[in-house]
Amino acid sequence: MKAPQAKKIEKIIETHGDRRIDNYFWLNERENPEVIKYLEEENAYEEFIMKDTEALQEELFEEMKARYKKDDESLPYFFNEYWYIVRYEEGKEYPIFCRKYQSLDHQEEIVLDVNILAEGKEYFEVGSVAVSPDNELASFSADDVGRRIYTLNFKNLKTGEILPDQILNTTGKAVWANDNKHVFYIRKDKSLRAFQVYRHELGTDASEDVLIFHEEDETFDVNVFKTKSLQYIFIASSSTISDEHRFIPADNVFADWTIIQPRIDDLEYSVEHYEDEFYIITNADDAFNFKIVKTKINHCGMENWVDVIPHRAEVLLEGFEIFKDYLVLEEREKGLLQIRIIDEKKQESYYLPFSDPTYTAYIGINLEFDTEVLRYGYTSLTQPSSTYEYNMKEKTTKLLKQQEVLGGKFFPENYISERIWADSRDGKTKIPVSLVYHKDTQKSADTPLLLYGYGSYGHTVDASFSNVRLSLLDRGFIYAIAHIRGGEYLGREWYEDGKMLFKKNTFFDFIDAGKYLIKENYTSSKHMYAMGGSAGGLLVGAVVNYEPRLFNGIVAQVPFVDVVTTMLDDTIPLTTGEYDEWGNPNDKEYYQYMKEYSPYDNVEAKEYPHMLITTGFHDSQVQYWEPAKWTAKLRELKTDNNILIFKTDMSSGHGGASGRFESLKEDALEYAFLLKIDNKG
């Protein structure tokens with residue numbers, strides 16, 4: 001079967017006097033039958049090329065699925081007189097949201113059975129479920145397309161009746177006022193930016209809802225939430241580099257909204273409530289790694305902020321949790337997350353002990369305020385996700401739940417994890433790399449290695465356990481995560497050094513990490529593979545233009561690869577809010593810099609590695625046409641005979657297939673692709 005080749009229709013895009021010819025621009029015509037035909041031809045070609053792996057894909061899928069407990073349930077948590085549980089039943093793809101009054105021995109009530117709602121639908125996702133303060137009503141939101149546009153519905157929990165109130169085009173979140181009859185929710189604009197907060201009164205038509213706040217700055221989006229104390233409702237308006245919060249008492253939906261601190265460029269802050277004060281985590285006063293301040297509720301402007309936890313240049317403060325007598329901090333030092341307990345009464349502080357060379361720890365769901373018990377999570381590359389209960393008074397730890405790995409073949413002691421520091425090209429910077437492999441896997445030039453990266457938005461990919469990944473490790477692969485600049489693994493400066501006009505550092509760090517792994521004899525170019533999704537797809541797309549021979553193959557999941565064209569189009573979802581991440585190409589300096597690394601713009605006639613590219617037709621984050629255009633241009637220009645396959649899920653969005661196990665088929669395809677091309681190598 002011959003590889004498809006999209007037809008060429010020349011389009012000239014002129015910016016700042018620079019002419020770009022885009023022969024595949026027409027693929028953005030979502031309703032055009034020829035576009036659909038091309039995507040379906042690519043899907044057929046992918047099936048043809050991967051036909052010899054069908055049995056392997058099925059084997060991988062069943063193997064991955066077998067490790068999961070089919071009738072699993074979440075750890076119960078107590079809130080407002082009820083224990084809440086999310087559980088799965090064997091043979092069903094979707095969760096069931098349940099609760100039990102006061103005691104876990106009490107009879108179960110089903111709040112929402114998503115399996116019933118999803119019947120007959122190819123795609124279905126519940127965005128959120130929220131119960132009213134009096135425990136009698138619930139809001140829930142659903143998306144049956146995959147574009148993350150949710151319809152908000154309401155249910156009477158006493159009668160089981162779905163109420164007639166229905167609100168379209170929301171972010172999926174609803175926040176109940178304390179009167180049990182008003183909710184606040186967020187609408188999206190045509191580019192899918194969260195931009196308006198409305199108040200809805202139950203029993204009225206959505207057309208009568210009151211617009212509370214409209215965010216007119218297109219670089220900002222909005223969120224709405226209730227404080228842990230349940231006493232205040234907040235609207236947060238945020239860009240990449242700036243925040244503004246306003247609040248009302250949750251008991252009075254008609255109150256005037258008070259702004260904590262009006263927005264200022266480069267001032268970030270978020271807020272939590274405690275008694276007559278707000279606790280705020282912020283980068284004010286050049287606290288680039290953040291600090292915690294507090295202020296009185298009735299005098300909350302930044303001129304009144306008083307330091308509680310001062311800024312430390314070597315420690316990134318990522319989050320905090322307030323209890324009646326304790327303050328708990330999430331801190332990142334030298335890349336590793338730590339949990340610090342501060343006993344306010346005894347005026348002492350200490351850290352919880354963790355032992356793996358690379359891991360992640362995090363504060364869990366802690367909805368109770370007057371308690372000595374902290375829930376926290378821990379996982380590493382060799383340790384399944386676990387939730388612990390730590391008594392802050394007694395200093396005792398209890399394991400509440402550990403992710404089960406069924407099948408009887410997984411034992412943590414059979415796997416080895418490491419953290420190494422790769423040399424970068426500047427001779428000064430060291431790039432952290434976390435690795436895991438089976439103890440029987442020997443490091444050598446013949447050892448296959450999969451290098452994963454992301455490196456954008458300050459998002460840190462921590463070392464965590466994966467049930468699915470075991471299928472690669474047990475087949476002799478080493479799995480590595482490159483903690484490259486653009487994330488915040490080594491603090492805020494690590495992020496700043498990998499964005500805007502420093503973005504190339506992200507790509508060069510990944511390349512240098514790969515070269516270091518080869519130099520240290522973990523693998524060779526013949527057996528090294530790269531994987532990344534979304535902005536991580538941009539990463540691997542840029543890397544193969546810079547160093548096409550470094551990797552034997554890449555997997556690019558929903559990749560953001562047409563950077564310049566997308567960032568010039570402010571009608572596309574998320575574009576305007578991204579200017580602080582990538583720069584605004586309407587400015588010539590940013591345009592030129594982006595054009596130098598944009599994967600699509602830099603495809604040229606040369607050899608490329610084996611490539612698997614995936615997308616979702618309804619993707620709201622990275623539109624399907626970016627990887628489609630990239631594939632078409634690669635097909636036209638590449639000079640090798642290596643595999644290039646492009647798969648579009650015609651019924652999903654950015655997150656892939658819905659349902660608990662359906663997404664494992666995507667993992668099975670990716671792993672089968674890697675195993676297939678490694679055997680070729």
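Values below: every heavy atom of this structure, side chains too, minus hydrogens, waters and symmetry copies. Predicted, not measured: the structure shown is a model, and the values here were computed from it.
Closest approach of Tyr390 to Thr397, counting heavy atoms only: CD1-OG1, 3.2 Å. Scanning both residues, Val540 and Gly532, for their nearest heavy atoms gives CG1-N, 3.9 Å. Listed here is the closest heavy atom pair of Gly537 and Val561: O-CG1, 4.1 Å. Minimum heavy-atom separation, Ala361 to Leu337: O-CD1, 3.4 Å. Contact between Lys430 and Leu490 at its shortest, heavy atoms only, is O-CD1, 4.3 Å. In terms of heavy atoms, Asn467 sits closest to Gln403 at ND2-NE2, 3.4 Å.
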Run the side-chain contact (heavy atoms from CB on, under 4.5 Å) check on Ile309 and Ile342 step by step: do they pass?
-> CA-CA 10 Å; Ile309 303 295; Ile342 300 173; 3.5 Å; yes
Using the side-chain contact (heavy atoms from CB on, under 4.5 Å) rule, take Asn366 and Leu374 through it: C-alpha gap first, then chi angles, then the decisive distance, then the call.
-> CA-CA 7 Å; Asn366 291 274; Leu374 165 75; 3.8 Å; yes
Lys294 and Tyr279: CA distance, side-chain angles, deciding distance, side-chain contact (heavy atoms from CB on, under 4.5 Å) verdict = CA-CA 4 Å; Lys294 66 180 180 180; Tyr279 276 61; 4.0 Å; yes
When you look at Ile260 and Thr295, which way does the side-chain contact (heavy atoms from CB on, under 4.5 Å) test go after all the steps?
-> CA-CA 10 Å; Ile260 296 254; Thr295 186; 5.5 Å; no
Would you check, one step at a time, whether the test salt bridge (Lys or Arg N to Asp or Glu O under 4.0 Å) holds for Arg312 with Glu333?
-> CA-CA 10 Å; Arg312 291 154 294 165; Glu333 187 171 8; over 6 Å; no
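Once rounded to the nearest 0.5 Å, the distance linking CD of Glu496 with CD1 of Ile241 reads 9.0 Å. Taking CG of Leu192 as the reference point, atom OG1 of Thr171 lies at 11.5 Å (rounded to 0.5 Å). Rounding to the nearest 0.5 angstrom, the gap separating the CD atom in Glu589 from the CG atom in Leu501 is 4.5 Å. Atoms CG and OG, from Asp266 and Ser239 in turn, are 8.5 Å apart once rounded to the nearest 0.5 Å. Here the straight-line distance linking atom CD of Gln196 with atom CD1 of Ile235 works out to 11.5 Å at 0.5 Å rounding.
A distance-only check finds no donor-acceptor pair linking the side chain of Trp421 to the backbone of Val433 [under 3.5 Å]. Formation of a donor-acceptor pair under 3.5 Å by the Glu626 side chain with backbone atoms of Asp562 is found in this model. Remark: the backbone N or O of Asp217 is paired with a side-chain donor or acceptor of Glu215 at under 3.5 angstrom. At least one donor-acceptor pair closer than 3.5 Å links the side chain of Gln261 to the backbone N or O of Met302. Panel note: side chain His299, backbone Gly301; no donor-acceptor pair is recorded below 3.5 Å. Checking side-chain atoms of Ser466 against main-chain N and O of Leu470 turns up no donor-acceptor pair under 3.5 Å. At distances below 3.5 Å, not a single donor-acceptor pair connects side-chain atoms of Ser349 with backbone N or O atoms of Ile341. Remark: the backbone N or O of Trp176 is paired with a side-chain donor or acceptor of Lys226 at under 3.5 angstrom. A side-chain donor-acceptor contact under 3.5 Å links Gln347 to the backbone of Glu344. Although no hydrogens or angles enter the test, the distance criterion places a donor-acceptor pair under 3.5 Å between the side chain of Asn602 and the main chain of Lys595.
Within the structure, side-chain hydrogen bond (donor to acceptor under 3.5 Å, both in side chains) contacts touching residues 497-514 (residues at least two apart or in different chains) are Arg425-Asp512, Ser456-Lys503, Arg485-Asp509, Lys503-Thr506, Lys504-Glu596. The side-chain hydrogen bond (donor to acceptor under 3.5 Å, both in side chains) analysis of residues 367-378, with sequence neighbours excluded, yields the pairs Asp356-Tyr378.
For Phe502, the CZ atom counts as loosely surrounded, since its 6.0 Å shell holds 12 or fewer non-hydrogen atoms of other residues, nucleotides or ligands. Within 6.0 Å of CG in Asn298 there are more than 12 heavy atoms belonging to other residues, nucleotides or ligands.
Using a 4.5 Å heavy-atom cutoff, the side chains of Arg332 and Tyr489 are in contact. For the pair Asp307/Lys291, a side-chain contact is recorded, criterion being any heavy-atom separation below 4.5 Å from C-beta on.
The aromatic rings of Phe225 and Phe234 sit parallel, their planes meeting at an angle under 30°, below the 60° perpendicular limit. The aromatic rings of Trp582 and Tyr457 sit perpendicular, their planes meeting at an angle over 60°, well past the 30° parallel limit. The aromatic rings of His245 and Tyr269 are tilted relative to each other, their planes meeting at an angle between 30° and 60°.
For the pair Lys228 and Phe323, the cation-pi criterion (under 6.0 Å, within 45° of the ring axis) is fulfilled.
Under the rule for a side-chain hydrogen bond (donor to acceptor under 3.5 Å, both in side chains), Gln338 has no partner lying at least two apart in sequence or in another chain. Residues meeting the salt bridge (Lys or Arg N to Asp or Glu O under 4.0 Å) test with Lys345, sequence neighbours left out: Asp325. Partners of Thr429 according to the side-chain hydrogen bond (donor to acceptor under 3.5 Å, both in side chains) rule, which considers only residues two or more places apart in sequence or in another chain, are Asp426. Residues passing the side-chain hydrogen bond (donor to acceptor under 3.5 Å, both in side chains) test with Asn584 are Asn586, sequence neighbours excluded.
A donor and an acceptor atom, one from each side chain of Glu418 and Tyr522, are located under 3.5 Å apart. Side chain to side chain, Asp243 and Ser238 meet the donor-acceptor criterion of an N or O pair below 3.5 Å.
Remark: of the listed residues Ser434, Ser464, Ser417, Ser434 is the sole one forming a side-chain hydrogen bond (donor to acceptor under 3.5 Å, both in side chains) with Thr358. A ring pair (Phe, Tyr, Trp, His ring centres under 6.0 Å) with Phe247 is found for one member of Phe213, Trp257, Phe278 and no other, namely Phe278.
Under the 6.0 Å cut-off for aromatic ring centres, Tyr590 and Tyr579 do not qualify, their centroids lying 6.0 Å or more apart. Ring centroid separation for the pair Tyr274 and Phe369 comes in under the 6.0 Å cut-off.
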